[in-house]
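Have a look at the structure below before the remarks.
Keep in mind that what you see is a predicted model, and the values were worked out from it rather than measured. The basis for the numbers below is simple: all heavy atoms, side chains too, and nothing from hydrogens, waters or symmetry mates.
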Amino acid sequence: MEELDGEPTVTLIPGVNSKKHQMCFDWGPGEMLVCETSFNKKEKSEVVPSCPFIYIIRKDVDVYSQVLRKLFNESHGIFVGLQRIEEELTGKSRKSQLVRVSKNYRSVIRACMEEMHQVAIAAKDPASGRQFSSQVSILSAMELIWNLCEILFIEVAPAGPLLLHLLDWVRLHVCEVDSLSADVLGSENPSKHESFWNLVTILVLQGRLDEARQMLSKEADTSPTSAGMCRIMGELMRTMPILSPGNTQTLTELELKWQHWHEECERYLQDCTFASNPHLESLCKIMLGDEAALLEQKELLSNWYHFLVTRLLYSNPTVKPIDLQYYAQSSLDLFLGGESSPEPLDNILMAAFEFDIHQVIKECSIALSNWWFVAHLTDLLDHCKLLQSHNLYFGSNMRECLLLEYASGLFAHPSLWQLGVDYFDYCPELGRVSLELHIERIPLNTEQKALKVLRICEQRQMTEQVRSICKILAMKAVRNNRLGSALSWSIRAKDAAFATLVSDRFLRDYCERGCFSDLDLIDNLGPAMMLSDRLTFLGKYREFHRVYGEKRFADAASLLLSLMTSQIAPRSFWMTLLTDALPLLEQKQVIFSAEQTYELMQCLEDLTSGRPVHGGPDTQQCQDDDIETTKVEMLRLALARNLARAIVREGSLEGF
Amino acid sequence: MEEIYAKFVSQKISKTRWRPLPPGSLQTAETFATGSWDNEENYVSLWSIGDFENLDSDGGFEGDHQLLCDIRHHGDIMDLQFFDQERIVTASSTGCVTVFLHHPNNQTLSVNQQWTTAHYHTGPSSPSYSSAPCTGIVCNNPEIVTVGEDGRINLFRADHKEAVRTIDNADSSTLHAVTFLRTPEILTVNSIGQLKIWDFRQQGNEPSQILSLTGDRVPLHCVDRHPNQQHVVATGGQDGMLSIWDVRQGTMPVSLLKAHEAEMWEVHFHPSNPDHLFTCSEDGSLWHWDASTDVPEKSLLFHQGGRTSTFLSHSISNQANVHQSVISSWLSTDPAKDRIEITSLLPSRTLSVNSLDVLGPCLVCGTDAEAIYVTRHLFS
C-alpha cells in the first residue's frame, strides 16, 4: 500500500454522539449507512433507548446538484459518442476528432459554469450563494485543467504552436480584461481613465498587441508630448514576429527574426527612449521578458501560470514541450516568492506541465469532490493511447477503475441510474458484474420502469436478472390478486414453477366460483401454454369449456378424456373432470364410444382405489365422504348406462 | 432537421404535450406542458417557446424554450393531457388523477380537482389498501377516461366528485393506453397485445370487440386514432413494431411495420396532416413517417439512420370493394405501390424518448437523458 495522500476528512453526523454510543456502518453503492448499535459503552444494566435513526452518508454529493445533472446528462452523450467513433479512425483525423470531443466536454463544463453563476447570483440567502459560487470556481478550475491537458496531451502541440495554444488558454481564463476594456473605451476620454495603463499592460501581458497598439494611438492623439514614444512603441508591437498558423516559415527563421526584434527592443531601452514615461518603459521591459518588470505586475498577472506564459512569450516563444516544466517550476517559485505555498490547483497544473498524467489524475481525484472530471478525462486520455504505460498497483486499468466509481455514484442516485448503464457497458473487465449487482437494486414502483430495466437486461443477455425482475413483478401481481398479470410475467420469465403456481390459483378459483376469470389471457395463451404442464392443462381445460359451450360435444368429450389419459390433469382435479363428463354422458345421443367409456371407467377406478380409507369419526370428513360416494355412484351409473347405449349403437351400426 | 433545439432540464421527462390552440386560431403552438418521472420530486411544468423578437439578455437564443411555471406532483407522471386551454390532467403512479389549473395572469399552476384513489389493487376502504399506477388518460371535454395497471377503466366528468362509470377488472393484464374511438366508444391496449373496444352505453364489464396481434402476445404500449378516419388506428408495441388497424374489419392488424429496436412509447398521427405519423421509442429514436401520396417517386427510404425498414404488410381484407378514394393511405396494403418515407428527427441517438407531441409545424419530445427537444419547422 502507498501511504495516505492526505489526512482523511472528518464527517460529522448531526444527532449522533459517538462518545455515548457505539456506531456501526455498512457500505452501499456510493453511500454509507450509519446507525447506533444497541450496545452501551458503560456496562450498565439499564438500556438507554437508543437513537431510532439510520443516517445515510452520501459520498458523492455533487450527484444531487440540479445544475450538475445537466453536466452529467450532456456529457453522457459525448462519452457514448466517443466510444463509438473510436475504432474506425486513425492518424490525423483521429486526433482532430479527439480534440473535437475534448472541446465538446469543455463547452459543456462552460455552459454548466455559466448556469451555476446565474444560480449563484439569484440565490436568496448568502450561504447558498457562497456555495454556488464555490461550485463556479471548482467548475472553472476543472475547465482550466482540462484545457491545459487538451493542449499538452491531446493536441500535443509542438514548439511554436505550443505557445500560441498556451496564450489562448490564459486569455480564456483571465478574462476580466474584456470588461475592463469595455469600461475604459466607454468612458469619455479613454486615455485619461484611471485604469488606462492597467488595461494596456494587461493587453501586452496577454500578447494582445494589436489591441494594445490601438489603445496607445488613443494616448498619442490626446497627449502630443508622448505621441512620438507611443508611435515607436506601437511600431515595436507591430513588428514583433509571431507564428501564424497559415505561415510557412520555419522555426529557425522565426527565431532569427525574433532575435533581431528583441535586440531592437533592447536598444530602445538602453537609449532611454521611453525614460520620460514610466508606463511605456515598463511595457518595454515586459516585452524584453524582464522578470523583475513582470513580477512588478503581479496584481495584473493574477496567477503564476499567466506569468509563465507571458514570460515565455517575451523570452522564449519557441519553447519546446520538454522544457516547459523547468520554466513552470521556476515561474511558480518566482511568483509565490516563498510567501505562500502552492495550492492543489497549482500542483495539478504543475504535474501537467511535467507531463505526468498519472499525477494529474491522482491530484484531481483528491482535490475534486466528484468523479465526473477524472473519469471523463481519463477515458479521453486513454483513447489517446496515453495510459498504457501506467501499471497500477490496484486493479488492471485506471480508466475502468474511475469509470466504475463514477457509474456507481450515478446508480446511487434515484434517477440518474440510466446514465450509469452505458458507463458500465464500456468497462470491459468489471462493468458487467457491477451492472448486474446494481441493476437488481433499482426499486420498481411501476411496470413502465420495470420494462425499462428489463430492456436493459435483455439487451445484455442478463438472463438471471431478467428472471428475477419478472419474478418480482409476478409475485407483486399475485399479491394484488392480479392473476392474469402474474401469469404474463411468469411466461415472460419462462418461469415454469411460478406458472404452475399461478395456474393452480386459477383452477382453485374456478373450483370455488365455477367460472374462469381473465379469459382474455387464457384463451390467447398460444404456444406459451407449453411452459408448464399445469398451464397446458389450464389452457386445455378452458378449451374444453369453450368447445362444450359451442355444443361440439364429441370434440369436447375426446378432449376431456385425453386430459386424463395423457396424465396432464393433476390427480386432484380428476373428480372435477369426471363430474364435467356427467352432462355429456346424459345427452340424448351417444357421445362417448364404448372404448372411451371403458377408459373413463378405468380413470374412475384408478381414482377411487387409490384413495385411502378413512376410519376417523370426524363428522365433517364423513359428510364429505358421503357426497363423494354419491358422486361416484352417480358416475358409475351414468357410465354403465352410456356403455350400454354405446354398445347397442355400435353393434347396430356394425350390423348395417 | 437542422432546427431542433435541445434543452437539458435536470429531470427525466415522461410526457410532453402542446397546449391546444383556441378553435379558429391562426397562431402556431407556443406553450407545452411536461411531466417528469423517477425523480425524488416530480413536477408538472409549463414551457413557452420564446418568440423571435424577444431575445433575452442572458444568452437565451431564438427557439429556446423557457419555463413558465411548475408545480410538484405526487408520484411519477404516467400520462398527461390538456383538458382544455387552462386545465391539465395528469395520471400518477400513485393511482391518483389530478386536474391542474393554469393561471396565466400570475403564471402559476394549482390543483383544481383530484381523484386520489382512481386506481388501486385493494380498495381504499380496506386496511391493506394498495394503489395501482394509472397508466393512461384521454380527455374529451367534459369527460376523462383513465386506465391503470389494475385493469380498471374509469370514466370521470370534470366537476363530478365521483367516477361516473367504473369498469372493474376490465382487463386481466395491465392497460397501457386509451383513446376515444367515437364517443361514447373507447379503445384500450394492454400488455398481452390486445386492442379492446368498449362502449359506455353497454352495461357489464365486457368489451364490445377484441382485436389482437397473432399468437405472441407482444405488449402494446400506445395507441392513436386517425383524426379524420375514425376506424383507422395505429398502435406501437414492445418490439418496436408499428401496427395499423382497421377496427371495422378483421381482428388482426392491416399492416405491421418494423420500426424501432425497442418499446415504442408513443405514436401520433399529425392532427391536421394525418398522412404523417410520428413515433418515439426506448431505443432513443424519434421517427417521422410520411405516407402522403402526393410525393412523386417515393420509395421506402430511411434517412440518417442508415437502416432500411422492411414492410411486413399483409393483406387480409379484400379491399377491392371499398371505394378507392376513401381508403386512407395507411390502409392500402400494396407495399410495391405505396411507400412510406421515414426520417429520423433527432441528431444523435440518446436515452429513451418517452413522449412526443405534434401540433401544426411544431414538435416537442422529452427523453430520459433529461432533455426536451423542440422544432418549429417540421415540414420545411
Side-chain angles (χ1 to χ4, degrees), chain A residues 64-74 76-77 80-81 84 108 111-112 114-115 118 413-419 421-422 442 445-449 451-452 455-456 458-459 476-477 479-489 491-492 517-528, chain B residues 6-12 14 36-40 42 58-59 75-76 78 93-94 120-122 130 132-133 135 149-151 169 171-174 176 190-194 196 207 210 212 214-217 219 221 238 261-263 265 282-283 348-352 354 367-371:
Chain A
Y64 295 88
S65 154
Q66 287 293 313
V67 180
L68 290 181
R69 265 177 91 154
K70 297 181 188 182
L71 176 72
F72 302 145
N73 275 294
E74 214 168 342
H76 165 262
V80 173
R84 289 188 187 150
V108 176
C112 193
E114 263 152 36
E115 175 157 359
Q118 298 296 331
H413 188 276
S415 50
L416 290 175
W417 55 272
Q418 274 168 306
L419 298 178
V421 175
D422 282 314
I442 291 172
N445 50 339
T446 64
E447 281 191 12
Q448 174 135 349
K449 187 170 179 186
L451 287 171
K452 282 175 184 272
R455 174 62 63 181
I456 288 168
E458 278 172 357
Q459 274 168 350
K476 232 179 183 171
R479 230 175 295 136
N480 289 325
N481 235 346
R482 301 274 303 150
L483 294 186
S485 217
L487 192 55
S488 302
W489 284 116
I491 290 171
R492 179 153 182 188
S517 56
D518 302 339
L519 288 179
D520 49 356
L521 174 65
I522 300 171
D523 283 347
N524 290 291
L525 282 173
Chain B
K7 186 178 179 112
F8 287 84
V9 294
S10 296
Q11 47 188 341
K12 293 202 274 194
S14 58
S36 72
W37 79 284
D38 202 29
N39 293 309
E40 279 177 303
N42 290 293
D58 54 287
D76 294 350
M78 306 292 288
S93 59
T94 61
Y120 55 86
H121 290 300
T122 12
S130 86
T135 52
E149 277 185 22
D150 53 358
N169 264 324
D171 204 303
S172 58
S173 45
T174 300
H176 282 146
N190 68 11
S191 65
I192 53 172
Q194 293 169 330
K196 294 184 181 175
I210 300 184
S212 64
T214 42
D216 16 344
R217 303 179 333 284
H221 288 295
Q238 178 146 294
E261 285 158 28
E263 286 87 351
W265 290 127
E282 175 73 20
D283 67 7
S348 62
R349 197 54 82 80
T350 84
L351 291 183
S352 171
N354 293 324
T367 69
D368 274 345
E370 306 188 345

Exercise. S172(B) versus L483(A): any side-chain heavy-atom pair under 4.5 Å?
Worked result: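 Side-chain contact under 4.5 Å: no.
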For this session: Measure the shortest side-chain to side-chain distance between R455(A) and Q238(B) over non-hydrogen atoms and say whether it is less than 4.5 angstrom.
Result: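 With C-beta onward as the side chain, the pair touches.
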Against chain A, label [X] side chain, backbone, both or neither, depending on which of its atoms sit under 4.5 Å from a heavy atom there.
{"X": "E370(B)", "answer": "both"}
{"X": "S130(B)", "answer": "side chain"}
{"X": "N354(B)", "answer": "side chain"}

Exercise. Measuring from S14(B):OG to Q448(A):CD, what's the distance to the nearest 0.5 Å?
Worked result: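 Nearest 0.5 Å value for the OG-CD distance: 7.5 Å.
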For this session: Working to the nearest 0.5 Å, report the span between CG of N481(A) and CG of D150(B).
Result: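 Output value for this atom pair is 12.5 Å.
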Exercise. Picking from E149(B), H176(B), K196(B), which has the most non-hydrogen pairs under 4.5 angstrom with chain A?
Worked result: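 With the most close heavy-atom pairs to chain A, the winner is E149(B).
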Exercise. So which of M78(B), H121(B), Q11(B) has the largest heavy-atom pair count under 4.5 angstrom toward chain A?
Worked result: H121(B)
Exercise. Counting only N and O atoms by type, is there a donor-acceptor contact under 3.5 Å from the side chain of E74(A) to the main-chain atoms of F8(B)?
Worked result: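 Here the side-chain-to-backbone pair does not exist.
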Exercise. Are any side-chain N or O atoms of S10(B) and backbone N or O atoms of R69(A), one a donor and one an acceptor, separated by less than 3.5 Å?
Worked result: no
Problem set entry | E115(A): side chain to side chain contact (heavy atoms under 4.5 Å, CB included) partners, not counting sequence neighbours | V67(A), K70(A), V119(A)
Seminar exercise, completed: Sorted by chain and residue number, the side chain to side chain contact (heavy atoms under 4.5 Å, CB included) partners of D422(A) (sequence neighbours excluded) come out as H76(A), V80(A), D425(A), R460(A), L351(B)
For this session: Dump the intermediate steps for salt bridge (charged side-chain N to carboxylate O under 4.0 Å, His left out) on K449(A) and D76(B), then the final yes or no.
Result: CA-CA 10 Å; K449(A) 187 170 179 186; D76(B) 294 350; over 6 Å; no
